[in-house]
Amino acid sequence: MRLPRTRPRSLAGQLFAMQVVLVAAVVAGCAFFAYVSGSEQAEETATRQVRTAALAIAGSPSVREAIGTPDPSAVLQPYAERVRRDTGIAFVTIMSPDRVRWTHPDADRIGEEFLGHTARALRGETFSETYTGTLGPSIRVVTPVRDGGRIVGLVSAGITVDRVSSQVREQLGALGLAAGGALALGGIGTYVINARLRRHTHGMNAAELSRLHDYHQATLHAVREGLLMLDGRRRIALINDAGRELLGLEPDAVGCRVDELELPAPLTGALLAAEERVDELHLTADRVIVVNTRPVVGGEQHGTVVTLRDHTELQALSGELDSERGFTQALRSQAHEAANRLHTVVSLIELGRADEAVGFATAELELAQALTDRVVGAVAEPVLAALLLGKAAQANERGVELVLAEDSLIDDGSLPPTLSHRDLVTILGNLIDNAVDAASEAAAGAPGSGPGRREAAAGRPNGRARVTVTALAGEDGLLLRVADTGAGIDPAAAGEVFARGWSTHGAGRGIGLALVRQAVHRNGGSVTLDRGADGGAEFTVRLPPAAVPAPASAPAPVPAPAPVPGKGALA
């Protein structure tokens, strides 16, 4: 039978055992030190006490007078006993220089020889020693009694070692109680601290915590989505590499408040919000990101977990897909119109009007070939030429004429080397789409267009809506200008048109111009809005010859409503 594997003790349990042992060792060490120190102090105190008594007796005039009498014991014995009782010492022995006792606590010992050393006292010194006498081991002091310059007697005062030891034992008992109390308090404090630690570590041991940390670090750096954790004060507690890259933050961003990071205002608001956010679309200076936030409801201090997904590529692909759908619809319409024209030519031939059939077919070919020749002659960049021709077909289906300005000229290879084809399609494609929408609506007198739009439509040549595109590449960089014959944009809203969500078509639209601004910013250029010569809006994009990426902390768009992907700021 397989025995169950014993789980190692938790980190809190290990620390508790270590701390209890440590506290016990500290208390025992302190108790031992106090015992040794107390013993030494007790001996020193006893020595001072008997020394004081001996010197006081030796210096007493009555003692010198009694020594000179025929029977010194008669006077000195009562005096010595009174001093002994008053001072609490064990004995006071007054003796002759030849060590014959005149006093002793045991009167039967009077007249006997003193047990101990007296040589140093006979030389005039006062000294102390531990010696075993008639009362057992004792700490004693011996000092001479002088009468003028002559030593007439000796005084020995002492206290037994047993009495000193009993005093130390009394102190040790009090010390033991104090040490026990300290040990109990230390144990209780250690238990409380470790109970708190056990709660925070969820009962895991050191190996489990180490393994959890390793997995945590590996997961943090392996996840391609951005991960951001905020504490209760909305400071960054943790962020992975992908999160720093998506938000354009420095490596030392941990510990900074969210409102100090110079992020776009809508994104900052989403990160600071107390409620949960799900799949919100936000724009930074360079990226389109999807934000999800979830409040932390456990623990002592609430915080927020944020996940970030890069939506830039998907948004660009979505725009390209919209363009492809537009191209497909335009080709389908052109194929339908071509079939109608072909039927017309065949019918004219069947009616015997060959000359009229040739004229009709030639006129249609010349009209279609004129724009193609103009675009191919002025724009040698294949991606840009294809984009203009495709947008021209789409515009024609909506009754809008797309015109390439006479001063347009882009040679092959003259575009900025760092400008990607995707960014070029994003910039020019969105500007043309918005211009075509504005021009067609103004020409049709769309609801809400107002008298200004109808007057603008009436003033156009042949009353036809038109979009004029200027594309010029030179030493100063790339210039792209798109102007329409729409009603234009209110100058008061000129600073807001590039914000995500701004649209003249209601909620759910308004991301095209935001993407334009983002792509231009990413390539180190600028985009401006003005009123065109035909009265409509005119957008001008300037990109330097060598695009220099802008810093990630550049000013972000103004706040916008809740994001819903759409097709253009005016779409």
Side-chain angles (χ1 to χ4, degrees), residues 33-172:
F33 175 78
Y35 172 74
V36 173
S37 177
S39 298
E40 294 177 352
Q41 186 177 5
E43 292 180 2
E44 183 179 353
T45 301
T47 302
R48 285 199 304 268
Q49 182 181 3
V50 297
R51 183 184 185 89
T52 301
L55 290 174
I57 295 171
S60 174
S62 60
V63 172
R64 288 195 297 270
E65 292 177 0
I67 291 175
T69 63
D71 187 9
S73 296
V75 177
L76 294 177
Q77 175 67 9
Y79 171 75
E81 287 300 300
R82 185 170 62 251
V83 172
R84 182 181 65 84
R85 289 191 298 269
D86 292 343
T87 58
I89 59 180
F91 66 88
V92 175
T93 300
I94 304 175
M95 70 195 84
S96 65
D98 56 359
R99 301 173 57 172
V100 176
R101 298 190 186 101
W102 288 328
T103 66
H104 193 276
D106 185 1
D108 294 337
R109 300 286 185 176
I110 297 175
E112 294 181 359
E113 184 177 350
F114 174 74
L115 300 179
H117 302 93
T118 59
R120 293 171 62 184
L122 293 174
R123 292 195 297 268
E125 297 180 23
T126 300
F127 69 95
S128 62
E129 66 175 352
T130 300
Y131 194 85
T132 302
T134 58
L135 300 179
S138 62
I139 300 172
R140 59 181 65 182
V141 173
V142 182
T143 186
V145 179
R146 301 176 185 274
D147 188 2
R150 185 169 58 93
I151 296 177
V152 297
L154 302 175
V155 176
S156 176
I159 186 170
T160 60
V161 174
D162 289 341
R163 182 175 298 183
V164 175
S165 299
S166 65
Q167 294 176 356
V168 172
R169 284 192 295 271
E170 292 176 0
Q171 295 176 357
L172 185 61

Note to self: Return the CZ to CD1 distance between Arg51 and Ile139, rounded to the nearest 0.5 Å.
What the structure shows: 14.0 Å
Notebook entry, point to check: Nearest heavy-atom pair of Ile89 and Ala157: which atoms, and what distance?
Noted result: CD1-CB, 4.0 Å
Margin query: Can a donor-acceptor pair be found, under 3.5 Å and without considering hydrogens, that links the side chain of Glu129 to the backbone of Arg140?
Written below: no
Checklist line | Atom of His104, atom of Ile110 and distance for their closest heavy-atom approach | finding: N-CG1, 4.0 Å
Notebook entry, point to check: Does the pair Val92 and Tyr79 meet the rule for a side-chain contact (heavy atoms from CB on, under 4.5 Å), with working shown?
Noted result: CA-CA 10 Å; Val92 175; Tyr79 171 75; over 6 Å; no
Notebook entry, point to check: Of all heavy-atom pairs between Thr69 and Glu65, which one has the smallest distance, and what is that distance?
Noted result: CG2-O, 3.4 Å
Note to self: For Glu113, is there any backbone N or O sitting under 3.5 Å from a side-chain donor or acceptor partner on Arg99?
What the structure shows: no
Notebook entry, point to check: Which heavy-atom pair separates Ser128 from Val141 by the least distance, and what is that distance?
Noted result: CB-CG2, 3.8 Å
Margin query: Go through it in stages, so that I can follow the logic: the residues are Met95 and Val100, the test is side-chain contact (heavy atoms from CB on, under 4.5 Å), and I'd like the CA-CA distance, side-chain angles, deciding distance and then a yes or no.
Written below: CA-CA 5 Å; Met95 70 195 84; Val100 176; 5.9 Å; no
Item checked: Spatial distance of atom CZ (Phe91) from atom CD (Glu81) [nearest 0.5 Å] -> 12.0 Å
Item checked: Rounded distance [0.5 Å steps], OG1 in Thr118 versus CZ in Arg123 -> 10.0 Å
Next item on the list: Consider only side-chain N and O atoms of Thr93 and Ser156, and report whether a donor and an acceptor are under 3.5 Å apart.
Entry: no
Item checked: Donor-acceptor under 3.5 Å (Ser60 side chain, Ile57 main chain) -> no
Margin query: Does any part of the side chain of Val50, heavy atoms only, come nearer than 4.5 Å to the side chain of Thr87, both counted from C-beta?
Written below: no
Checklist line | Gly124 backbone acceptor or donor facing Arg146 side chain under 3.5 Å | finding: yes
Item checked: Close side-chain approach of Arg120 to Val142, heavy-atom, < 4.5 Å -> no
Check: Atom OG1 of Thr143 and atom CG of Leu55: how far apart are they, to the nearest 0.5 Å?
Finding: 5.0 Å
Margin query: Is any side-chain heavy atom of Leu115 closer than 4.5 Å to one of Arg101?
Written below: yes
Note to self: On a heavy-atom basis, which atom in Pro144 and which in Thr126 lie closest, and how many Å separate them?
What the structure shows: CD-OG1, 4.0 Å
Item checked: Side-chain touch Ile67/Asp147, heavy atoms, less than 4.5 angstrom -> no
Next item on the list: Would you check if the side chain of Ser73 reaches a backbone N or O of Trp102 as a donor-acceptor pair within less than 3.5 Å?
Entry: yes
Checklist line | Interatomic distance, Ile159 atom CD1 to Gln49 atom CD [nearest 0.5 angstrom] | finding: 5.0 Å
Checklist line | Closest contact, heavy atoms only, Val145 versus Arg64 | finding: CG1-CG, 3.8 Å
